[in-house]
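As structure tokens, the structure follows; a few thoughts come after it.
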Amino acid sequence: MTTNARDGFTNKFGVIAAAAGSAVGLGNIWRFPYVTGENGGGAFLLVYLLFILLIGLPVMLSELLIGRRAQKNVFGAFKALAPDKPIFMSVGIMGVAAAFMILAFYAVVAGWTMEYTYLAIIDGLSGMNSTELSVFFQEFQTSKIGPLVWVGIFMFLTAAIVIGGVKNGIEKYTKILMPLLLVIIIILSIKSVSLEGAQAGLAFLFKPDFSKLSGEVILEALGQAFFSLSIGMGVIATYGSYIQKKENLMLTAVSVSFADSLIAVLAGVAIFPAVFAFGIDPSSGPGLVFETLPNVFNSMQGGYIFSVAFFVLLVIAALTSSVSLLEVVVAYFVEELKMTRKKATVIAAVSISVLGVFCVLSDDAFKFFDWTSSNLLLPLGGILIAVFVGWILGRQNMKDELTAHGGKAYFSGLLLIILKFIAPIAISAVFLHGLGLL
Ligand code: PHE
């Protein structure tokens, strides 16, 4: 890809696959289960799904239409669409900051996934019982050297794909592999549900206990919705700028949100029954998936093949997300700071790897980046994006963009109400309440 010609996606499935590739990743399979486990299960899931529908979907649609209307990276988009309102450019700046933070810890977890892929291939975890597997993960995670090397390898791969450009890089991989990941997760869920003692896990996930809800828990659910959908920071807007006018944005947003939520819930079904069946603590934190799933593989026929396939696909799912994160930074460097694509990618990838080192060395740095990006930066970006489309872009522009493919704009009245009032107020309220200020 040259510095000024914007390449695009080739067809509808390419767009949806790429956006879904960004959305579906460690957020669904690693972060969703561990955050759900820490926040009490069923009630959290319910609030999370409500936020996806009420806030996530409208914000995703807004991002798509901002990007496509402006044909620019997220920072440039707001500059072009509202040159006299610099406040909205902060979405671009916060977005680039969020991309740095998210990718820093994302690369660490992706690194764990790569280690587990390697272990799956050499069959290094079979025969261990549940306690041994937990101890193994903790020892690996605190060993530092292994995790550090993987961060470097993962960032190198991400950068290599980003340098390749959109069509050759992102789209080609996501189209085939995401559906395959879905199939594997469905098989894992079936196995997990049939384990002895699985019932308690299903009850944990699907029987809401509303006494578990607090301001903090609700804010976590909101942050998880934003993180999982890749919204609030310009990733989806950047992809929107690559989408052709003939594509239906509403259909894209609905399909991506649906696929993303489905995979998160299925990941929950694959993990929680096993958590309870193997006596693992659901609130054991970021290691939950890595301590749980190997038990399932060990207990199933063909576990070797499934474990290899699962971890390989998870690495790829992580890559299609990390590529989208790096793309935000690179598009910004290229279009605003006039760097070449290659130089921009190298500078971004190296500096993010350095932040990744901090996340490996310090749990506090890891948690800080994780919490601040999901629960603070993304929701704040979401408020500005909703307000921008609702109040500044306005009804007519919104409708034009929604009907550019030649079809109708369904629910545009409701959408406008959500973007103008409901989303900004709800996000602000959850936010202030979660921080104990309301
Ligand atoms: N949504 C991605 C995931 O679920 C992570 C991500 C967040 C990607 C924000 C881009 C932007 O893994």
Side-chain angles (χ1 to χ4, degrees), residues 16-36 48 51-52 56-57 59-60 63-64 67 73-74 91-92 94-113 154-155 158 161-162 170 174 177-178 181-182 185 221-240 253 256-268 286 289 313-332 348 352 369-382 385:
I16 297 184
S22 168
V24 175
L26 299 173
N28 309 60
I29 291 159
W30 158 73
R31 199 175 189 279
F32 171 77
Y34 108 70
V35 175
T36 303
Y48 164 73
F51 282 150
I52 296 263
L57 181 59
V59 171
M60 174 174 284
E63 275 201 44
L64 286 172
N73 73 78
V74 57
V91 175
M94 283 193 309
V96 173
F100 268 89
M101 287 193 180
I102 293 177
L103 206 40
F105 69 84
Y106 208 81
V108 175
V109 181
W112 299 346
T113 313
F154 183 77
M155 285 309 299
T158 303
I161 299 175
V162 167
I170 302 169
T174 45
L177 296 167
M178 289 303 108
L181 180 64
L182 183 64
I185 296 173
L222 183 71
Q224 176 60 25
F226 271 83
F227 184 89
S228 192
L229 293 177
S230 303
I231 55 174
M233 55 171 289
V235 164
I236 298 293
T238 304
Y239 276 19
V256 173
S257 310
F258 178 76
D260 188 71
S261 320
L262 179 72
I263 294 196
V265 173
L266 282 173
V289 178
L313 288 169
L314 189 52
V315 170
I316 293 165
L319 272 172
T320 55
S321 303
S322 64
V323 157
S324 74
L325 284 158
L326 192 57
E327 180 69 30
V328 169
V329 182
V330 169
Y332 173 74
I352 290 166
F369 285 155
D370 188 353
W371 196 94
T372 312
S373 52
S374 306
N375 299 350
L376 205 85
L377 293 176
L378 301 187
L380 276 181
I385 288 164

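All ligand and atom numbering here is 1-based and tracks the order in the structure.
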Show which side-chain atoms of residues 105-112 pair as donor or acceptor with protein atoms under 3.5 Å away, not counting sequence neighbours.
unit_1: Tyr106; atom_1: OH; unit_2: Leu26; atom_2: N; d: 2.9
unit_1: Tyr106; atom_1: OH; unit_2: Ser321; atom_2: OG; d: 3.3

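When all heavy atoms of Ser322 and Phe154 are compared, the pair lying nearest together is OG-CZ, 3.2 Å. Considering all non-hydrogen atoms of both residues, Leu325 and Leu103 come closest at CD1-CD1, 3.8 Å.
Rounded to the nearest 0.5 angstrom, Leu377 CG and Phe369 CZ are separated by 11.0 Å.
Ordered by chain and residue number, the residues placing a heavy atom less than 4.0 Å from ligand 1 are Ser22, Ala23, Gly25, Leu26, Gly27, Asn28, Ile102, Tyr106, Phe227, Ser228, Ser230, Met233, Val235, Ser321, Ser324, Leu325.
Sorted by first and then second residue, the pairs that involve residues 259-268 and meet side chain to side chain donor-acceptor pair (under 3.5 Å), not counting sequence neighbours, are Asn28-Asp260, Ser228-Asp260.
With sequence neighbours left out, Tyr48 forms a ring pair (Phe, Tyr, Trp, His ring centres under 6.0 Å) with Phe32.
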